[in-house]
Amino acid sequence: MTFEEAHEKISALTKQINEHNYRYYILDSPLIGDYEFDMLLNELISLEKEYPSLILPDSPTQRVGGEITRRFQSVKHSNPMLSLANTYSENELEDFDKRTKNALYLDEIEYVCELKYDGVAISLIYENGVLQQAITRGDGIQGDDVTVNVKTIRSIPLRLHGHFPDKLEVRGEIIMPHDSFYVLNEEKEIAGESKFANPRNAAAGSLKLQNSSEVAKRNLDCFLYFVYTDTPLYNTHYEGLCALKTWGFKVSPHIRTCKNIEEVYTFINQWDIERKSLPFDIDGVVIKVNKYNLQDLLGYTAKNPRWAIAYKYKAERVLTSLLDISYQVGRTGVITPVANLKPVLLAGSVVKRASLHNADFISEMDIRIDDNVYVEKGGEIIPKIVAVEQSKRHAEAPPVQFITHCPACNTLLIRNEGEAAYYCHNLKECPPQIKGRLEHFISRKAMDIEGLGEGRIDILFEKGLVRNITDFYRLTYNDLFGIEKMYVNEQDNKERFVAFREKTVENLLNAIENSKNVPFDRVLFALGIRFIGESSAKKIAVHFKTIDALLKADFDDLIAVGDIGTKIAESIFSYFSDASNLQTIDNLRKVGLHFQLSDEELNETTISEKLKGMTFLVSGTFSTPERRKEIEQLIEKHGAVRATSVSKKLSFIIAGENMGPAKLEKAKKANIPIISEQDFLNLIETDE
Ligand code: IVH
């Protein structure tokens, strides 16, 4: 075959296979069977192997992934990705309708109703009909470039059909259908990995996987619901959606134009029932003003469009009886009461347990054993009790007596003033606390060591192989190979057999080794310091840059970090004042974990040192909330500290409009200079 012939053949096969993909994934009416399809694909794969320079950007072979992304690039959205205002009742919806009619001086407005897909928002950018970039919502202003991963989603066209504009941005929701979700969690369970709480988290987690060929296996799907073009091509949103369909996008068939708000209610009520048989999750209905010119007139508030609103369905709720209460000990020693329920079917799964949060919750709700309780599913695996059916209470049912001693180690429980939770303070020896810290350390958002889900940590703990987080880095092949045990899964009480076979051990040791690349902020989070969540760990890491600087920080330095309050500062102090914790850090450092920002992170977080040593407070409102955020980021990127309250430490206050009078008074008293946004920009303006 000549080069020219190969070129023609590759183009033809690419086109042909893409057409079959479109018929299969979008139109749901395939023309050929799986076998024929695979033959075509194999032919293309082998030709592309021989002539890699001829691979087309929309080649279907890109769908299988393979590219690895270490860090997703942060990209600014050309138009901010806003969210929708929520309503939960017909009354609130009626208000929206009235508001909109009044604003437009109209008696009736045509709306489009769509399902509110419960997934992850995505922005797709096409140039000349070819997918260029896929960006997550992020903070609405900038998101992550996840193009390689999104290209593996079969229902997202890599090249468009028909007459499309040269430049196009479309937005939609990436979702994980129920069956893919169940299969994924089953696999996670077998591999000893922690499961996803719901399909939305699973979709979000999948999009951020570093290996795109893993994403390809996740069977994600995408519905599009919004289109941006440089010049308006249509008059209505509905026409825009129809155009999306003709260009090859997947647009839900469950869309309806409604002549008035009554028709909107009909759509909402219909889907409140029918949503239960959809193969994916929705959490409501989105109502949009259909005509673009009316949308333009209505415009936007700082956060939401005024031309659209989300109606959210109330979570499903069932009545069941509370059999008894058990008490769990968390990694920080906090005691959580858990309700054991008479098993009941709720939103597709059997519920046996529900969180009771703390002693206050039990007494405020006046929950008693044998009560009939209403249970709802929130976003977490474990559902919650939302009400007690008082009318069915047994007359003599006594109030619940909260336990006084730790169910695991029998230490007397203590409740600090002002806190709702009881704690077991035996943190060094109480087994569930030790295991909890180990589980937290390896968890996805911390060191992300796969292959050590719940049951397996228990086994390693019982065998004395891991007691401290540093022990993971001492594990050897011989320690692990051959370990076998039955264990009982806490979620479903089912017995499972766990065996550390050759491949399991190899994968685990690799995962442990790879965890040495985890960035500083996640290492800090993984240490398990009380009250330090993912985002505060990030803020602390960006602020102090190295663990040594953090260790030297005094109390004031800590609370000077934006969003770090006294509770977190005290907790950090108490953690670092324990010699064994310092030893742990030292050991982990010797093993090679990151205890400072990488050069790349430093470059990203620092523009200059111009404001070094200064402390700024941003107060009042700015042109947009995003603008305020940008100013806050600039403060830190130029080496200064961002404070959240007025104190003598402040060098300047950057005031927007309507700064609070109390703050103003305090600032004047303390003699702190108040400057404008422009003054601040002048301060950081570069000389070059
Ligand atoms: S329209 C300007 N339509 O809900 C806002 N959003 O809180 C445009 N969502 O971030 C959004 N289904 O991720 C729109 N049919 C739908 C949607 C939808 C789900 C999500 C989207 C958005 C969030 C709004």
Side-chain angles (χ1 to χ4, degrees), residues 77-88 92-93 96 100 111-124 134-144 146 150 153 155-156 169-177 198-204 206-207 220-229 236-242 244-245 249-258 264 267-268 270-272 274-275 278-292 294-313 379 624-626:
H77 293 294
S78 41
N79 303 290
M81 278 182 93
L82 302 178
S83 59
L84 296 169
N86 289 327
T87 57
Y88 293 87
E92 286 175 281
L93 213 52
F96 166 76
T100 317
Y111 295 107
V112 175
C113 282
E114 295 166 29
L115 303 181
K116 186 168 190 306
Y117 316 102
D118 199 6
V120 187
I122 194 84
S123 163
L124 305 173
I135 314 168
T136 61
R137 178 167 189 272
D139 61 4
I141 303 301
Q142 50 188 41
D144 286 342
V146 289
V150 164
I153 303 174
S155 53
I156 293 183
E169 180 176 355
V170 292
R171 290 185 179 170
E173 198 86 350
I174 293 182
I175 55 150
M176 185 177 283
N198 51 47
R200 179 186 351 104
N201 289 3
S206 304
L207 271 192
L220 296 169
D221 206 342
C222 181
F223 287 110
L224 284 307
Y225 50 63
F226 196 73
V227 48
Y228 273 111
T229 50
T236 64
H237 174 65
Y238 192 79
E239 288 169 312
L241 293 179
C242 294
L244 281 178
K245 242 187 251 179
F249 290 103
K250 186 160 179 170
V251 178
S252 163
H254 311 303
I255 289 174
R256 185 173 311 153
T257 47
C258 297
V264 170
F267 184 87
I268 289 174
Q270 173 198 342
W271 280 101
D272 196 9
E274 288 183 23
R275 72 192 164 112
L278 279 171
F280 50 84
D281 279 355
I282 63 165
D283 58 345
V285 165
V286 181
I287 300 109
K288 300 175 184 170
V289 170
N290 193 19
K291 289 208 170 107
Y292 283 149
L294 299 184
Q295 288 191 1
D296 292 342
L297 284 172
L298 289 162
Y300 296 82
T301 71
K303 281 193 278 177
N304 315 118
R306 286 202 189 84
W307 44 262
I309 200 153
Y311 177 93
K312 301 260 260 192
Y313 289 120
T624 60
E626 292 77 40

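One-based numbering, in listed order, for ligands and for the atoms of each. This one's a predicted model, so the numbers in the text were calculated from it and none came from an experiment.
Under 4.0 Å is where a charged nitrogen must lie from a carboxylate oxygen, and between Arg200 and Asp281 no such pair does.
Contact atoms of ligand 1 toward Glu114: 3 (N), 15 (N), 16 (C) (distance under 4.0 Å to a heavy atom of the residue). Listed by number with element, the atoms of ligand 1 under 4.0 Å from a non-hydrogen atom of Ala121 are 13 (O). Taking every non-hydrogen atom of Pro305 and a distance limit under 4.0 Å, the qualifying atoms of ligand 1 come out as 2 (C). Listed by number with element, the atoms of ligand 1 under 4.0 Å from a non-hydrogen atom of Val286 are 3 (N), 15 (N), 16 (C), 17 (C).
Taking any N or O of Leu84, backbone or side chain, at least one lies under 3.5 Å from an N or O belonging to ligand 1. In terms of polar-atom proximity, defined here as any N/O pair under 3.5 Å, Ser83 makes no such contact with ligand 1.
Without hydrogens or angle criteria, Thr229 side chain to Glu169 main chain gives no donor-acceptor distance under 3.5 Å. A donor-acceptor distance shorter than 3.5 angstrom exists from the side chain of Gln295 to the backbone of Val289, with no hydrogens or angles considered.
Smallest separation of non-hydrogen atoms from Arg171 and Asn79: NH2-O, 2.6 Å. Nearest heavy-atom pair, Tyr300 versus Arg306, reported as atom, atom and distance to 0.1 Å: O-NH1, 3.2 Å. Residues Ala302 and Leu82 approach most closely at O-CD2, 4.1 Å, considering heavy atoms.
Ring pair Phe223/Tyr117 is parallel by interplanar angle, where below 30° counts as parallel and above 60° as perpendicular.
The nearest non-hydrogen atom to atom 3 (N) of ligand 1, considering only His237, Lys288, Lys116, comes from Lys288.
In this structure, atom 13 (O) of ligand 1 lies nearest to the protein heavy atom Glu173 OE1, 2.5 Å. Nearest to atom 22 (C) of ligand 1 among the protein's heavy atoms is Tyr225 OH, 4.0 Å.
Not a single heavy atom of Met81 sits less than 4.0 Å from an atom of ligand 1. Not a single heavy atom of Ala310 sits closer than 4.0 Å to an atom of ligand 1. Residue contacts with ligand 1 include Tyr117, since one or more of its heavy atoms lies under 4.0 Å from the ligand. Ligand 1 lies out of reach of Ile282, whose nearest heavy atom is not under 4.0 Å from it.
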Trp271 vs His254, side-chain contact (heavy atoms from CB on, under 4.5 Å): CA-CA, chis, key distance, verdict: CA-CA 9 Å; Trp271 280 101; His254 311 303; 3.3 Å; yes

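Heavy atoms of other residues, nucleotides or ligands lying less than 6.0 angstrom from NZ of Lys291 number 12 at most.
Contact annotation: for Leu115 versus ligand 1, heavy atoms closer than 4.0 Å belong to the backbone alone.
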